[in-house]
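Below: the structure, in structure tokens.
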2 protein chains.
Amino acid sequence: MPQTGAALRRSDAHPTKIRILDAAEELFAARGYHGVSIREITQMANVEVALAHYHFGSKEELFRHVVTRRIDEHCSRLIEDLDRAQAAAPNGIAPVEEIVRAFCRFSFAKTSSADAGWKRYLQLLARTSQLPMYEPVLAPINRPYGIIVVRYSEALRAALPTIQPGNLATAFYMLQGIVSRLLAETEMLERQSHGLCSASDFDSHLERLVPFVAAGFYALAGRPELISARNGSEPPT
Amino acid sequence: MPQTGAALRRSDAHPTKIRILDAAEELFAARGYHGVSIREITQMANVEVALAHYHFGSKEELFRHVVTRRIDEHCSRLIEDLDRAQAAAPNGIAPVEEIVRAFCRFSFAKTSSADAGWKRYLQLLARTSQLPMYEPVLAPINRPYGIIVVRYSEALRAALPTIQPGNLATAFYMLQGIVSRLLAETEMLERQSHGLCSASDFDSHLERLVPFVAAGFYALAGRPELISARNGSEPPT
DNA sequence: GTCTATAATGAGATAGAC
DNA sequence: GTCTATCTCATTATAGAC
């Protein structure tokens, strides 16, 4: 047993600080920043209220730690997947489909996996990203994520040399809107499809998203004739 | 002057109940349900706190009234615009582009207009639609909106007879994600495009969204060859 | 319908013993 | 690092005069 006696208060396997972060992640994802109290968080984490303030100072700082905790790995993986797509292309210019796939791969894989922490973190970002946020909490997200936007935009521009800058920015923004809505996992998709589509079936989502978004990019690049060549003849069934 | 003496407390033009609803709409749109107190709302409305309880009973009921107030007109207009698109088609089968345009027209027009109330209502729906909501507040939205989903899905199925039901449902869900993100008007688009795209320029949004989404639908219907025929040769610049 | 006053609770945060 | 106790303030909601 690696833990010392002081490290664990109950039978839980993680130290206090991590348990608070995990509980906060889950509750913030479910009800947003204002919908959750520190008391609820510490109760779920099985620690005293004062420990949240000892470890994080304030509620806002705790929230900042939650959204910051995984952002660097998240962005690193997004870059790695883009690098892989470009390395696989003969001339280093990855096709639109592979760029779009790279943008989704890590998030979709983590959300589908048994790793509940990552799933909740991605839900938290997706669900709160459309609400106005405080600058102190927005900045630590936008610094690494801004690099993602630049790298993916450059890759898409290379794949679509004819596309106008405004069309590229808007198309990428629309892609983010789609991904965000899927990661948020609302009940709407299941209800609207009468149970035909499951919100958690990200393999199906990806096989539909890639041709949908790629076709959109080609259309906005003035290259609709490329769509059938890239897609193959049949869409997912 | 139509108002009686008892109707107005200050110089504002609207009766108390409306003023509370307007203030609540604005604040709920900005910070979500839990991020706003009744005190803030009544303060912005220039009325006493007790009047919110007199008119609406509880905070949750007030929120329900805010999201319910405009939903019927909203849905009626969505149906009207779809009807118009279908009436304009020779055989009653509107092309995908016109269906997508009809789905956006009213919301984009209201958000671009001087009508701040409608703009905030649409922001409220867009920003909170990805957070889990109480069933009592979800039901009054989903009843009329469910009809919209059915009608638009039928129209799209008529325009795309080869599309698989799962592809149709997911594609429509992706369309909703795009529209929702645009209506939410985050600062992300302006930042990511380095000021090239304005979040409030819904004319540009529409001219980019329609070919993007229509191409996506055609791709998922296995009919990519239709895209160039419908779009014309050049995308928006 | 509107106001004042107040109840009842829960919130974020801190001090100090251990 | 952890716990108990407490401070201070804001919250939803209601009672009752006008």
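Just so it is clear, the model here is predicted, and its values are computed rather than measured. Numbered from 1 within each chain, the chains take letters A, B, ... in sequence-line order.
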Integer-rounded Å distance: dT14(D) P and E48(B) CD: 17 Å
Interface residues of residues 52-62 of chain A with DNA chain C (non-hydrogen, below 4.0 angstrom): H53(A), S58(A), K59(A)
Polar contact flag, side-chain donor to acceptor under 3.5 angstrom, Q192(A)-Q176(B): yes
CD1 on I79(A) to CZ on R151(A), rounded to 0.5 Å: 5.0 Å
Polar side chain donor-acceptor pair, S198(A) to D201(A), under 3.5 angstrom: no
Pair F172(A) + F217(A): ring centers closer than 6.0 Å: no
T16(B) side-chain N/O to dG1(C) phosphate OP1/OP2 under 4.0 Å: no
Nucleotide dA13(C), atom C1' - distance to CG of L51(A) in whole Å: 14 Å
Whole-Å distance separating the CD atom of Q43(A) from the P atom of dC3(D): 14 Å
Approximate separation, where rounding is to 0.5 Å, of H205(A) NE2 and F212(A) CZ: 14.0 Å
Residues from residues 33-42 of chain A lying under 4.0 Å of DNA chain D - heavy atoms: none
D22(B)/R19(B) ion pair, N-O < 4.0 Å: no
Within 45° cone and under 6.0 Å: K110(A) NZ/CZ vs Y121(A) ring: no
Side-chain donor-acceptor pair present, S200(B), E185(B), cut-off under 3.5 Å: no
Difference in axis direction between the ends of the helix from dG1(C)-dC18(D) to dC18(C)-dG1(D), five pairs, 10°: 0°
Atom pair CD1 (I20(A)) and CD (E48(A)), whose distance is rounded to the nearest 0.5 Å: 10.5 Å
Over all atoms of both residues, closest heavy-atom pair of S107(B) and L122(B): O-CD1, 3.5 Å
Interatomic distance, F63(B) atom CZ to S58(B) atom OG [nearest 0.5 angstrom]: 12.0 Å
d(CD1, I20(B); P, dC3(C)) in whole Å: 10 Å
